[in-house]
Chemist: 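Sending over a structure as structure tokens; questions will come in a sec.
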Amino acid sequence: MKTYLIVAFSFFTLIASAQQNGSIVGKLTDKELNNEPLPFANVLIKGTTVGTTSDFDGLFEIPDVAPGSYTLVFSFLGYETLEVPNVVVEAGKVTEINTGLGASSVGLDEVVVTTTARKDSEVALLLQQKNALVMQEAISAEALTLKGIDDAAAAVAQISGISKQQGSSNVYVRGLGDRYQNTTMNGLSLPSNDVNKKNINLDLFGSSIIENVAVSKAYSPTFYGDFAAGNVNIDSKEYTGDGYLEVAVGGGINTNAAGEDFVKSEGTSDFGFYNRYSHDPFAIILQHDVDPESALDPINFSGAIEGGYSFNFNNEKSRLSFFGAASFGNSYELREGPARDFTNVLKFDFPTVREYAYKTTTTMLGNVAYKINSEHKIKYSSLFVNNSTDAVGYYGVDGDGYNRDGITSDNGFFVQNVQFNQDMIFVNQLTGQHIFDEKISFDWGVGFNKVFSDEPDRKRFTMENYQFSLDDDPNTNPVFFTNTAFENQRFFQSIEDDELNSYMDLSYKLSDNITMNFGYNGRRKERRFTSIRYGYRIFDRTTEIEDVNDLNSFFTIENSSLVGNENALYEIRNLNPITNDIGSINRPGLPDNTYKGNLGIHAGYVSVDFKVGEKLNIVPGLRAESVNQKIVYDVINLPPSDPGFRNAYENLFLPSLNLKYALTENSNLRASFSNTVSFPEFKEVAPFVYEGVTQRVGGNPDLFGGKDGTGVNYSDIYNFDMKYEWFLERGEIISLAAFGKLIQDPVNKVIAADATGTQRFFRTGDQAEAYGVELELRKNLVTDADDNATISVGMNAAYTYTHQDLKSIQAGDENTFGTSFDRDSDELEGASPFIINADLNYSPVFGNYKPKATVVFSYFSDRIYALGAGSLGNIVENGVPTLNFVWQNAIGEHFEANLSARNLLNPDVTLTRENTGNGDIIIRQYNLGVNIGLTLKYKF
């Protein structure tokens, strides 16, 4: 209808003005999106500067065109440019052209294919956001490149209400942390690569394999019911054009690490792989050294290759597309600062810690997509990620470490911790999209995920009187700390996850105003965990260590009692002997801790899109979900009465309501209500305790129904959202949102009431609340003649208020563990009251030289890292500002030289324990240094 109105308006305008020129009008549609209107496409009369862009409804008009025959050029980022010749304009008449654009040729004789590109633009995502029935926000591959964003974690941190923990991959959405989020790729569940997290580390997904990253903060029945903060979905890259190959290589330095003599674990490769997985841990202890080895010079390196190709068949109605990418990157970090363990008293104090960290990430992605025709498409995606961190930490390097339980001395306490962590992730997915007619469409997907997460051969050695190693006096030397046989130890941990997941979604259009969606989701997941440690029992605690940098000469087979040496210095102990006859001395043992967790989810859902008039969409939905979780464990230091397993089974009915009202053609008002849940994760339930140098964190099986199994299994959550969004010109938006969340029986990490100061997970109260507002702005300040932004700015900010009530928990018949509070309320763990993200981009064009300079700033205010118990205050993560600069230099069509400087402000990352009785105490502090790098790219 709007097309004909434009035609009529143009016709009468021409008559009234008595002009002898004509005009060209029409409508552009998107062949890749079911012929939806295609906005912001360029329409140009070839050989001239006369042209226009299509509006949000795909409509365009070029008025006052002199009579003649022209070639019209249609172009849009991610689509093949179309040249339509012999467009005849007659005086006083209107020429109308209605056509569609796609990623491949439309197959018309008058169309000429001149160029290709991927559809990954910010404009395309804004259109998707505008038309979506559920609130969502996304950042495109184009924006990732523009802002110099390396990975998905940094990408989502650019979305309003989201912040990233500095120095880690932890992402917080609306003040809610890892346990309240879900992560998917191409709509299918992704596994966690870390025993301590529910979600996969988003920084494992490099920008070279990302098409876009979307965050849905409002719930719809298509998501799993375990939803509170949001769902992060990563769309993997897909290619649809002619063949190309791109190669990139980069290097750089970290200002903290430059010039340092780095060390790493023995037995690890420079590419992030451990070399001895096939060996028994006890054999490794007997055969391999304990001292760290010299690493390569601390120069950051990255290399990547990617390419794609497409084949068209059946008169170009069918297309087979291939895309592949592989990359490797490493980085060096030197972290220096204090580390302390303060529970009710100061237990450990290391005023100076020096930790050398070497990190690697290897990523490979392959996609094969077959577009059978315009109605049917299937895609296979395979992803492999290997991520490793090799950290060598020296705690108390200045000889001023303190241990409350010192044996020979309280001073000179020292710990050497040599630790390697490797995560290998395999993701395989098959998805399909089918349109049967104008009324029925069907989408489906199935995926299998495999994870190996290992911490092989952590070596931890503890000493007293370490200051004597620094005095150049050969007659005074440190000794081993020997409070137990496991103060000096080797530790091996292994996690293996298998997951099968799937979805089906059927859309049926009953009428022009009613569309129904029916669907199914399913997940089956199993986790297998084992850990074992061996301790060195030092026979004589006064035995001096002549060279603290040469422990290999002490821990030899000849110095052990294993070979019957009467003058042996030590013996090897295990905690869980194979049999009593074999014993625990100088013999291999069984794992100290094991658990197996199983998760099964089957869900069906229905939603209905009621279109009321031209402006209002009402979308009620209902999800019926059956959830079964079971965990079986055998861990040390549990009460004898503990059954060693927990079960949780629930049938849930989760309603939702989403409203969208189009105030104008370029602005929407949205509202949403939903009831969702939050189930504990395996790591929160399994009572295994992970012992860091200064922190201990363990699970709590009572989260599944309490000790007697009659309690609460999950947190009930009620979500409320409202949002106004105004889409301005190309790539521009202003939005304002308000939200509220009511969480019943919330879970927090708190110090348990025991002598060890272990942090565990508890249902700490009956109710928690979170309220907040979010503002987002993207604006082009200066544009060129083609309406491309030369200077643009983006900003989002959020304020969140949180409150929860607290209750003490007594260990005993009803609870395995206990904790207590001296207050009846507090803020939510992980919630920052203020979050700000901003960026400024400058993108001029000088002939074939097209530079882009971007400055990106982010900040989050102080937030609770862990709740304090008793009279002890919270552990607070202090606010951190981050400033990055990226300068991209595209020279011609094939070559790029990109310079980056990240973490320019180099702030301290600080954890503070509040209200210790002696004021606030810093329990961990360091900075990460500034990373400066140069990357060269060439595209064939």
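Position 1 is the first residue of the sequence; numbering continues from there. FYI, side chains are in, hydrogens and waters are out, and symmetry mates aren't considered; it's all heavy atoms of this structure.
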Chemist: I'd like to know if R623 pairs up with E625 as an ion pair, taking the criterion as any Lys NZ or Arg NE/NH1/NH2 lying under 4.0 Å from an Asp or Glu carboxylate oxygen.
Modeler: yes
Chemist: So, N186 versus S236: side-chain donor-acceptor pair below 3.5 Å or not?
Modeler: yes
Chemist: Is a side-chain donor-acceptor pair under 3.5 Å present for Y649 with N651?
Modeler: yes
Chemist: Could you check whether Q759 and Q695, counting side-chain N and O atoms only, form a donor-acceptor pair closer than 3.5 Å?
Modeler: yes
Chemist: Please name the pair of heavy atoms, one in Y503 and one in G187, separated by the smallest distance, quoted to 0.1 Å.
Modeler: CD2-O, 3.8 Å
Chemist: Does the side chain of N428 pick up a donor-acceptor pair with the side chain of Y380 at under 3.5 Å?
Modeler: yes
Chemist: Parallel, tilted or perpendicular for W444 and H434, by the 30°/60° rule?
Modeler: parallel
Chemist: May I ask you to decide whether R528 forms a salt bridge with D498, counting only side-chain N to carboxylate O separations under 4.0 Å?
Modeler: yes
Chemist: Under a 4.0 Å N-O cut-off, is there an ion pair linking E499 with R523?
Modeler: yes
Chemist: Check the angle between the aromatic planes of F529 and F688 and answer parallel, tilted or perpendicular using the 30° and 60° thresholds.
Modeler: tilted
Chemist: Describe, in one word, how the ring planes of F673 and Y718 are oriented to each other, choosing from parallel (under 30°), tilted (30 to 60°) and perpendicular (over 60°).
Modeler: parallel
Chemist: Do the side-chain N and O atoms of D454 and Q493 include a donor-acceptor pair separated by under 3.5 angstrom?
Modeler: no
Chemist: Report yes or no: does T363 contribute a side-chain atom to a donor-acceptor pair with the main-chain N or O of V385 at less than 3.5 Å?
Modeler: no
Chemist: Can you check side-chain hydrogen bond (donor to acceptor under 3.5 Å, both in side chains) on Y771 and H803, steps first, answer last?
Modeler: CA-CA 9 Å; Y771 305 100; H803 177 273; over 6 Å; no
Chemist: With the threshold set at 4.0 Å, does a side-chain nitrogen-carboxylate oxygen contact exist between E526 and R524?
Modeler: no
Chemist: Taking atom types as modelled and ignoring hydrogens, do the side chains of T676 and S674 form a donor-acceptor contact shorter than 3.5 angstrom?
Modeler: no
Chemist: For N713 and E650, which I'm curious about, is there any donor-acceptor pair between the side chains at under 3.5 Å?
Modeler: yes
Chemist: Walk me through whether D826 and N874 qualify under side-chain hydrogen bond (donor to acceptor under 3.5 Å, both in side chains).
Modeler: CA-CA 10 Å; D826 210 327; N874 300 323; 3.0 Å; yes
Chemist: Is R863 close enough and on-axis enough to Y865, meaning under 6.0 Å and within 45°, for cation-pi?
Modeler: no
Chemist: Are K450 and E496 close enough for a salt bridge, meaning some N to O gap below 4.0 Å?
Modeler: yes
Chemist: My understanding is that only one of R763, Q744, Q767 makes a side chain to side chain donor-acceptor pair (under 3.5 Å) with S715; could you say which?
Modeler: R763
Chemist: In plain terms, say whether R527 and D497 are close enough for a salt bridge, that is, a side-chain N and a carboxylate O under 4.0 Å apart.
Modeler: yes
Chemist: Which pair of heavy atoms, one from E827 and one from L867, lies closest together, and at what distance?
Modeler: O-CD2, 4.2 Å
